[in-house]
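No experiment lies behind these values; they were computed from the predicted model shown.
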Amino acid sequence: PAMESARMSLAVPDDREFLGRLITTLATQSDPPISVAESRQTVLTFEARTGEIMLRSRVIQALEVAVGPDWQRLVRPLG
């Protein structure tokens with residue numbers, strides 16, 4: 001059977017440079033691709049046809065590239 005999509009949401013700062021780095025980093029990662037949906041409250045929702053642990057790992061890796069090891073001071077997990 002086909003794998004269901006995993007989803008993860010984070011509250012992030014409204015910083016276009018940061019968001020650009022994060023989205024660019026995600027785009028360079030391997031398959032499956034991770035889609036990013038932005039809401040008006042600067043909540044990003046990441047989704048990919050992979051397991052939840054793999055999605056979280058890849059998003060965290062992208063945050064570390066985009067922000068550095070202190071990424072947790074900028075973002076807050078939701079849900």
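- Side-chain contact between Leu22 and Phe46 is present, with at least one heavy-atom pair separated by less than 4.5 Å.
- Applying the side chain to side chain donor-acceptor pair (under 3.5 Å) rule to Glu17 yields the partners Arg21; only residues at least two apart in sequence or on another chain are considered.
- Leu19 has its side chain out of reach of Val36: every pair of non-hydrogen atoms, C-beta onward, lies at least 4.5 Å apart.
- Every residue meeting the side-chain contact (heavy atoms from CB on, under 4.5 Å) condition with Ser5, not counting sequence neighbours, appears here in chain and number order: Glu47, Arg49.
- Taking all atoms of both residues into account, the shortest heavy-atom contact from Thr50 to Pro32 is CB-CG, 3.9 Å.
- Closest approach of Pro77 to Leu10, counting heavy atoms only: CA-CD2, 3.6 Å.
- Phe18 has its side chain within reach of Val75: a pair of non-hydrogen atoms, C-beta onward, lies under 4.5 Å apart.
- Under the side-chain contact (heavy atoms from CB on, under 4.5 Å) criterion, Asp14 pairs with Arg16, Thr42, sequence neighbours left out.
- Scored by the side chain to side chain donor-acceptor pair (under 3.5 Å) test, Glu52 finds Arg56 as partners (sequence neighbours excluded).
- Among Ile23, Val12, Leu78, the single residue meeting the side chain to side chain contact (heavy atoms under 4.5 Å, CB included) criterion with Leu44 is Val12.
- Ser35 is linked by a side chain to side chain donor-acceptor pair (under 3.5 Å) to nothing, counting only residues two or more places apart in sequence or in another chain.
- A continuous path of hydrophobic side-chain contacts links Ile60 to Val67 [ILVMFWY only; heavy atoms under 4.5 Å].
- With sequence neighbours excluded, the residues satisfying side-chain contact (heavy atoms from CB on, under 4.5 Å) with Gln29 are Leu26, Ile34, Arg58, Gln61, Ala62.
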